[in-house]
Trainee: 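Got a structure for you, questions after.
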Amino acid sequence: MPDAVLRIDGVAAGYRGREVLADLSLTCAAGELLGVLGANGCGKTTLVRVAAGLVRPTRGSVAIGGDDARRLDRRELARRVALLAQDGGPLFPISALEAVLLGRHPWQPAFAFEGDEDLALARRALAEVGAAELEERDVATLSGGERQRVLLARALCQGGALLLCDEPTSHLDLRHQAGVFRLLRQLADGGRAVLVVTHDVELAAQACDRLAFLRPPGDGPALVALGAPADVLTPEVLRATYGIDADVERGAAPVVRRRL
Amino acid sequence: MNPRPVTRARFARVLCLGALLVLVAAALAASCGAEHVDLAGLVTGRASAPERQIFFDLRLPRVAVAALVGGALAVAGVAFQALLRNPLAEPYLLGISGGGSFGAVLSIVAVGGAVPAFAARAPAALAGCLLALGLVYAAASRRGALHPATLLLAGVATNAFFLAALACVQYAASPAESQAILRWVMGGFAGRTGPELRLLLVAAPLCTLLVLRDARRLDLLAFGEETARGLGVDVAALRRRLFVGTSVLTAACVAVAGPIGFVGLIVPHAARAFVGGGHRVLVPAAFCAGAAFLPLADALARLVVAPEELPVGVVTAVVGAPAFVALLLRARVAEGGVDA
Ligand SMILES: Nc1ncnc2c1ncn2[C@@H]1O[C@H](COP(=O)(O)OP(=O)(O)OP(=O)(O)O)[C@@H](O)[C@H]1O
Ligand SMILES: [Mg+2]
């Protein structure tokens, strides 16, 4: 079996002595779409940071493309891992096309000009997220959902074997939520390893190969459950993860019915 | 908005236009003053010997100094705005000018009132700047990382401290000294020639190139620290480099001309309005805009009350403040009144 693109092994991580993730092990293989779910503040973003090599785990190891993340320099990491972060928009006026072109940074010398190939890649990425017509718009004036799609396009333009998306659908309408999950599914089918953090349990259950449910910090190991949606999307897991009462209707498009 | 990818052709276009702008502004600035100098006469060789002397020995070096200071302050402003993630940041915000002014003022008092020669004043000013830089750096750095908000607070505190110290010195100074101090803290280019020019000829291009090399990293930083790091930027090292580099550049400007306000704030915004926020083009554009603006402001300072001179800082503020407000209003209108 080929080694997983992302392998997190026995990891503990946190901030300034406060442990957020404890004893976490998971993998994401080429061709796999892995959904990460959990309550606010449970450490999903922290997991993404660990996977991107931005937060050093205090225990355990992270391997990307078979190499220990600690031994890869930033640039090499950026070539292997594309990150769609949760942080906001730009400070200064910048067009959507320029924003997407920034994804080429790890592949070019520090100061480089954009060539035809870069422009083609950026425009293709914009088209893939259905944002081709936004190319000339100032990113600061885009709607939240438009901006999110442009930033996803940048992550696509960045390339790399592993794509990490931190809540890529949080500002999107119903159509574009489905569109993003369809796109992530396609990217995974095309051979990338894709990890997506989301609060959309139902869409994640439809699109993802596996789901990882995280526990809030302080209650033991980080994982509540990890496995195929049909196996792990259960009322018990939802209760342990979110502390809610819910029924789950199984099927090709599972439905989570919450009770107030 | 244009999509504005930074192709080689666009970069070259901006550089050429910028250079043209600087040349025209410099020629204009060098031709005016208390004595009129006929530019055409200089070109055709009809100009008189005194005209030549005024133009080549006095005006041209002074214009060159003003241009380099203007360009340097504009680039420093661009870098500080990106570094502090604050569009209102300017090179003097972090105490560099306060420290430099204090140093220079001490040297003024030490020689009893005359503004001392560059050889005495500049090292004092530079020492003051570097002291301020060191204080801010020490206060704001945590395990080698400079946090923007801490940097800002440390800088503002340092500036306030040095300005208070300066006020104490001025309060105790004689009227003649006080007059010289006042002149200096308003900034100006009177009598700035050879040595000043040499210092700037080294510092300004060097630091500008350093900032330019980091231009795309600045674009990324504008999107947020997480994004920048995810795309391979060592944010901590970038912040250290930018802070120290642009502070040294600012220090050179302050040592040469005193603190000249507003250039480092408005020129970056003006340049952004024309070429957009992408730093690979913005840095050279801002340099050229600053290098065109300050010699013209200096010429105006020489003309308004000729044969006396206004401090150039007065001109930059009087011209700059309304221009800045107009620019902001224009930007607001363009955005449909929505703050981004
Ligand atoms: N830079 C930081 N310094 C200190 N604590 C942090 C930092 N970032 C996050 N935390 C804390 O770590 C915990 C996990 O945060 P994280 O951002 O990983 O949550 P999350 O699962 O992504 O939440 P959300 O669904 O709201 O995005 C939270 O309690 C948060 O307050
Ligand atoms: Mg999060």
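The sequence lines fix the lettering, A, B, ..., with proteins before strands; numbering per chain opens at 1. As the structure is a prediction and not an experimental result, all values here were calculated from the model.
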Trainee: Answer yes or no for B:R280 and A:F113: cation-pi contact, defined as NZ/CZ to six-membered ring centre under 6.0 Å and angle to ring axis within 45°.
Mentor: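 Verdict for A:F113: no cation-pi partner in B:R280.
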
Trainee: Can you tell which part of A:A52 gets under 4.5 Å to a heavy atom of chain B, answering side chain, backbone, both or neither?
Mentor: neither

Trainee: First locate atom CZ of A:F111, then atom NE2 of B:H279, and finally report the distance between them rounded to the nearest 0.5 Å.
Mentor: 12.5 Å

Trainee: Within the 4.5 Å heavy-atom criterion, are A:I94 and B:F223 side-chain neighbours or not?
Mentor: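 Of all side-chain heavy-atom pairs linking B:F223 with A:I94, at least one is under 4.5 Å.
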
Trainee: Between B:N86 and chain A, with a heavy-atom cut-off of 4.5 Å, which part of the residue counts as in contact: side chain, backbone, both or neither?
Mentor: backbone

Trainee: Can you tell which part of A:L77 gets under 4.5 Å to a heavy atom of chain B, answering side chain, backbone, both or neither?
Mentor: neither

Trainee: Using 0.5 Å steps for rounding, measure from the CG atom of A:L91 to the CG atom of B:L218.
Mentor: 11.0 Å

Trainee: Would you say B:R229's side chain and A:L54's backbone share a donor-acceptor pair under 3.5 angstrom?
Mentor: yes

Trainee: What part of A:L164 gets closer than 4.5 Å to chain B, counting heavy atoms only: side chain, backbone, both or neither?
Mentor: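 No part of A:L164 comes within 4.5 Å of chain B.
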
Trainee: Against chain A, label B:L282 side chain, backbone, both or neither, depending on which of its atoms sit under 4.5 Å from a heavy atom there.
Mentor: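 Neither part.
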
Trainee: B:L231 versus A:R74: any side-chain heavy-atom pair under 4.5 Å?
Mentor: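 A side-chain contact is absent here, since even the closest heavy-atom pair is not under 4.5 Å.
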
Trainee: With only heavy atoms counted, which part of B:A82 is less than 4.5 Å from chain A, the side chain, the backbone, both or neither?
Mentor: both

Trainee: Please round to the nearest 0.5 Å and tell me the distance separating atom OG1 of B:T7 and atom CG of A:D116.
Mentor: 9.0 Å

Trainee: May I ask you to decide whether A:R49 forms a salt bridge with B:E226, counting only side-chain N to carboxylate O separations under 4.0 Å?
Mentor: yes

Trainee: Would you confirm whether A:E114, through its side chain, and B:V6, through its main-chain N or O, come within 3.5 Å as a donor-acceptor pair?
Mentor: yes

Trainee: For A:A155, is it the side chain, the backbone, both, or neither that has a heavy atom closer than 4.5 Å to a heavy atom of chain B?
Mentor: neither

